[in-house]
Protein chains: 2
Amino acid sequence: MSWTVGELARLAGVTVRTLHHYDRIGLVRPSERTSAGYRSYDAHDLDRLQQVLLYRELGFPLDEVATLLDDPEADPAAHLRRQHRLLRERLERTRAMVAAVEKEMEARQMGISLSPEERFEVFGDWLPEEYAAEAEERWGDSDAWAQSQRRTAAMTKEDWLRVKAEGDDVERRFAAALAAGAPADSNAAQDLAEEYRQQISRNFYDCSPEVHAGLGRMYVEDERFSAYYERIAPGLAQYVSTAVQANATRQS
Amino acid sequence: MSWTVGELARLAGVTVRTLHHYDRIGLVRPSERTSAGYRSYDAHDLDRLQQVLLYRELGFPLDEVATLLDDPEADPAAHLRRQHRLLRERLERTRAMVAAVEKEMEARQMGISLSPEERFEVFGDWLPEEYAAEAEERWGDSDAWAQSQRRTAAMTKEDWLRVKAEGDDVERRFAAALAAGAPADSNAAQDLAEEYRQQISRNFYDCSPEVHAGLGRMYVEDERFSAYYERIAPGLAQYVSTAVQANATRQS
DNA sequence: GCAACAGCCTGACGTCGCGTCAGGGTCAAG
DNA sequence: CTTGACCCTGACGCGACGTCAGGCTGTTGC
């Protein structure tokens with residue numbers, strides 16, 4: 001079985017020009033040429049192109065891809081293993097970025113501001129061994145924390161006031177439920193948590209029960225968020241956290 | 001609070017040159033200059049840089065990032081929502097690529113070859129609405145299937161023979177267990193499944209119980225994989241599949 | 001009080017991975 | 001035997017910076 005440039009390009013989701021380029025630089029060469037000079041790719045070339053595209057997708061420059069693939073030590077299985085590992089690292093990194101965006105959304109809703117270090121954290125070079133040392137340094141330095149200030153929200157004034165009023169309302173009712181002695185995992189508290197979740201979804205972003213549970217954990221684990229709730233009523237951070245997580249379990 | 005280029009660069013994990021570039025093209029301009037002409041970035045600029053880096057990470061060209069951020073209709077919350085959505089799409093795509101690599105590894109181990117369409121599937125333009133129509137077309141055309149051929153493995157000959165012998169051994173013992181009437185979820189069968197999983201991990205890639213369970217499902221859902229087992233013994237595809245999934249549950 | 005050195009500035013050219021013509025040959029269908 | 005889809009090789013362009021070069025600034029140590 002063999003393919004022309006156009007066929008292979010369609011198959012692989014790249015342009016003909018890209019294949020010309022890869023031929024020119026010797027990265028993926030067609031194993032044959034027809035008498036008219038047409039490129040003719042076979043199954044083996046296809047294999048190679050697939051590998052190239054995967055490494056490219058993972059962010060490798062083409063010359064590095066070439067040295068990787070031309071390494072006689074590395075058999076196909078080794079490449080698959082490496083690609084597997086790199087993809088899982090990317091999965092982790094993306095998950096971290098999703099979490100960071102969610103944290104930012106939540107902070108914005110509450111009018112809390114995150115420290116600059118924290119906000120760029122997820123963009124770092126992401127060399128795992130560096131991470132431990134850097135995190136140490138970052139969290140040890142409490143100046144960064146002191147710097148954190150009120151956020152000037154940039155919504156339309158009226159929108160913001162409406163949204164804030166809605167939020168305040170739920171918070172007040174949480175505080176009332178706590179004062180009335182309703183357990184955090186009671187139906188009443190869980191209903192409030194669900195209302196809270198839907199409010200976030202409506203006003204900010206699509207907040208699944210799982211995501212909401214993550215936020216719930218943060219309310220007690222992150223001191224700025226817990227301080228926010230504790231200022232409303234003592235014990236409220238833990239109360240809301242428990243209610244939110246219980247509701248998440250109930251909803252799924 | 002304000003930052004110099006160098007400080008901001010270190011904070012955000014980019015080079016000074018990048019910030020110069022963003023200033024030149026008007027994407028992120030320092031809100032002030034010192035009397036000596038030094039760039040001075042404030043918290044607001046930092047905000048903007050964060051947004052730019054996130055969109056950049058997601059693959060947007062800088063001019064599009066500029067139009068996105070300068071759209072007066074889009075408030076910060078809208079950006080966060082969009083970024084959240086895009087990140088989750090990326091998460092899905094990465095998951096699909098991990099699954100594809102795992103399928104390829106497994107196919108290689110069994111000496112099955114995947115069709116070219118299948119192998120490039122994950123690289124497509126990834127426009128979700130196109131996807132349904134294209135998949136329809138792809139899977140409807142059974143010529144593609146007919147084209148699928150035996151794979152010429154490119155491991156060292158001896159390595160391959162050893163690995164293949166190991167695999168054959170486990171397969172034979174699975175077949176024997178089936179013939180002996182041991183239930184697929186018996187301890188004996190699950191022990192074989194666990195041995196199989198460790199064999200994959202040792203010879204091919206780090207195969208977690210969850211990953212292995214996914215492969216197990218594929219043994220019955222993908223006809224080429226099930227045909228492979230059925231050729232060894234009737235009922236073996238389902239048997240191995242069940243054992244593997246039961247073991248995955250047991251291990252976690 | 002000044003040297004040294006890290007850090008800032010503005011050009012300006014280089015690079016990587018292609019996109020995009022231009023100008024021309026090839027080939028299956030009608 | 002023409003039409004239209006596909007192929008070829010230059011060659012230039014571009015986006016997003018990297019990398020000097022040549023020069024100013026500002027703090028620290030003696």
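Every chain is numbered from 1 and lettered A, B, ... according to where its sequence line falls, protein lines coming before strand lines.
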**A:Arg90: salt bridge (charged side-chain N to carboxylate O under 4.0 Å, His left out) partners, not counting sequence neighbours** =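 In terms of salt bridge (charged side-chain N to carboxylate O under 4.0 Å, His left out), with neighbours along the sequence ignored, A:Arg90 is linked to A:Glu57.
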In numerical order, the residues of residues 19-38 of chain B whose heavy atoms come under 4.0 Å of DNA chain C are B:His20, B:Arg33, B:Gly37, B:Tyr38
In numerical order, the residues of residues 55-68 of chain B whose heavy atoms come under 4.0 Å of DNA chain C are none
Assign each of B:Ser40 and A:Arg17 the nucleotide of DNA chain C bearing its closest heavy atom; nearer the 5' end lies the nucleotide of B:Ser40
With five pairs defining each end axis, the helix from C:dG1-D:dC30 to C:dG30-D:dC1 comes out bent, to 10°, by 10°
### Task
Could you pull out all residues at least two apart from B:Glu210 that satisfy side chain to side chain donor-acceptor pair (under 3.5 Å)?
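Testing B:Glu210 for side chain to side chain donor-acceptor pair (under 3.5 Å), a comparison that skips the adjacent residues, returns B:Ser208.
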Just so I know, are the side chains of [X] and [Y] near enough to count as touching, which here means a heavy-atom distance under 4.5 Å?
X       : Y       : answer
A:Val14 : A:Arg56 : yes
B:Leu46 : B:Gln50 : no
B:Tyr41 : B:Arg39 : yes

Are [X] and [Y] close enough for a salt bridge, meaning some N to O gap below 4.0 Å?
X        : Y        : answer
A:Asp42  : A:Arg48  : no
A:Arg85  : A:Glu89  : yes
B:Glu106 : B:Lys103 : no

**Report entry** side chain to side chain contact (heavy atoms under 4.5 Å, CB included) evaluation trace for B:Val28 with B:Asp23
**Finding:** CA-CA 5 Å; B:Val28 182; B:Asp23 185 4; over 6 Å; no
### Check: B:Tyr55/B:His79 side-chain N/O donor and acceptor closer than 3.5 Å
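Short answer, yes.
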- Stepwise, does the side chain to side chain contact (heavy atoms under 4.5 Å, CB included) test hold for A:Val65 with A:Leu69? CA-CA 6 Å; A:Val65 173; A:Leu69 292 181; 3.9 Å; yes
query: Can you list the steps and then say if A:Val5 with A:His20 is a side chain to side chain contact (heavy atoms under 4.5 Å, CB included)?
result: CA-CA 8 Å; A:Val5 260; A:His20 282 177; 4.3 Å; yes
Counted 5' to 3', the first and last nucleotides of DNA chain D within 4.0 Å (strictly under) of a heavy-atom of chain B are D:dA16 to D:dG26
